[in-house]
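As structure tokens, the structure follows; a few thoughts come after it.
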Amino acid sequence: MKTATTNFGSRHRARAFTLAELMVATSVGLVLAGTALMLQLISTQEQRNGFADTTVEERAYSLEANITSCLRSMSANQGMSPVYSSAVYDYNGNCLGYQSVSVFFPSNGAYITANINYNSTTGLVTYTPNVLAPSTQVIWMSNSPSAVLTELCFNTSQNMDSSQNSSLVKILFQMNDNGFSQQGTSNNLASIYRNFAVQMRNDD
């Protein structure tokens, strides 16, 4: 009987990576890991940008809606009365508007004095429906880590004859993301500038 012989030399022998192969594999792995990390960082930044844009847009929309709704219910006959000590000026000394104003709500033949006030230090915008009852004050806006109001002012408009029209109120405000998105100041898409006018109600 013939016994089978084993040819050990015919077996496939496993061999280790050479130094060159190991270096190539390591380099490829580092490139892939770096690419994955870069994509993750880009995705995270885009999420921050998107959150900042949405937050600032929502806060700006809410503030504009509150201001518009309030002024449209106020007396056109009485108009807007600025708090002159709250005037804001540009670099040339021109008055841009006022950070605090009084407006008047018609009620049973009389008028209730209301106040809208902006605190430039805290970004706090408050509305007092009746200055004789200050406890009724409502907060419309306050600064947060992801949204900050940098300017808000009110001013009267001009008629065709250049006289002042205190019943057509011009509003200007600026808001940004308070650096949350880490975008540059010159190309920050989360920065918002609004300039609009609101006509008060006709008392007749």
Apply side chain to side chain contact (heavy atoms under 4.5 Å, CB included) to [X] and list each qualifying residue two or more places apart in sequence or on a separate chain.
| X | result |
| --- | --- |
| Q199 | A76, S167, L168 |
| S69 | none |
| T150 | V148, Q174, N176 |

Return the minimal non-hydrogen interatomic distance between [X] and [Y], and the atom names on each side.
| X | Y | answer |
| --- | --- | --- |
| M200 | S166 | SD-O, 4.2 Å |
| K170 | S157 | CG-OG, 3.2 Å |
| R59 | S144 | NH1-OG, 3.5 Å |

message: Tell me which one of N155, T156, N159 satisfies side chain to side chain donor-acceptor pair (under 3.5 Å) with Q164.
response: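 Single pass found, and it is T156.
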[X] side chain near [Y] side chain, heavy-atom distance below 4.5 Å:
| X | Y | result |
| --- | --- | --- |
| M74 | R201 | no |
| I171 | L71 | yes |
| L172 | E151 | yes |
| F104 | P106 | no |

Contact list for residues 145-175, test ring-ring contact (aromatic ring centres under 6.0 Å, His included), sequence neighbours left out: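 For residues 145-175: none.
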message: Restricting to salt bridge (charged side-chain N to carboxylate O under 4.0 Å, His left out), what partner residues turn up for E64, sequence neighbours left out?
response: R194
field: Qualifying side chain to side chain donor-acceptor pair (under 3.5 Å) pairs with a residue from residues 101-112, counting only residues at least two apart or across chains
entry: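 Listed by first then second residue: Y111-D203.
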Derivation and outcome, side-chain contact (heavy atoms from CB on, under 4.5 Å), residues T113 and F105: CA-CA 7 Å; T113 303; F105 183 79; over 6 Å; no
- prompt: Considering residues, nucleotides and ligands other than Y61, do more than 12 of their heavy atoms fall under 6.0 Å from its OH?
  reply: no
query: Within the distance-only criterion (no hydrogens, no angle test), does the side chain of D177 pair as donor or acceptor with the backbone N or O of V56 below 3.5 angstrom?
result: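 A pair under 3.5 Å: no.
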query: Is the backbone N or O of C70 less than 3.5 Å from a side-chain atom of S73, with the two atoms forming a donor-acceptor pair by type?
result: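 Yes, the answer is positive, given that a donor and an acceptor are paired below the 3.5 Å cut-off.
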Would you be so kind as to tabulate the donor-acceptor pairs closer than 3.5 Å made by side chains of residues 123-133, with sequence neighbours excluded?
residue: N130; atom: OD1; partner: L132; partner atom: N; Å: 2.9

query: Partners of D161 by side chain to side chain donor-acceptor pair (under 3.5 Å), sequence neighbours excluded?
result: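 For D161, the residues satisfying side chain to side chain donor-acceptor pair (under 3.5 Å) (neighbours in sequence not counted) are S163.
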- prompt: Taking only residues two or more places apart in sequence, or in another chain, which ones meet E58 in a side chain to side chain donor-acceptor pair (under 3.5 Å)?
  reply: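 Applying side chain to side chain donor-acceptor pair (under 3.5 Å) to E58 gives none.
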If you look only at distance, which donor and acceptor atoms sit under 3.5 Å apart when one is on a side chain in residues 83-97 and the other is two or more places apart or in another chain?
residue: S86; atom: OG; partner: V83; partner atom: O; Å: 2.6
residue: S86; atom: OG; partner: Q99; partner atom: N; Å: 3.3
residue: S86; atom: OG; partner: S100; partner atom: N; Å: 3.0
residue: S86; atom: OG; partner: S100; partner atom: O; Å: 3.4
residue: D90; atom: OD1; partner: N92; partner atom: N; Å: 2.9
residue: D90; atom: OD1; partner: G93; partner atom: N; Å: 3.0
residue: D90; atom: OD1; partner: N94; partner atom: N; Å: 2.7
residue: D90; atom: OD2; partner: N94; partner atom: ND2; Å: 3.3

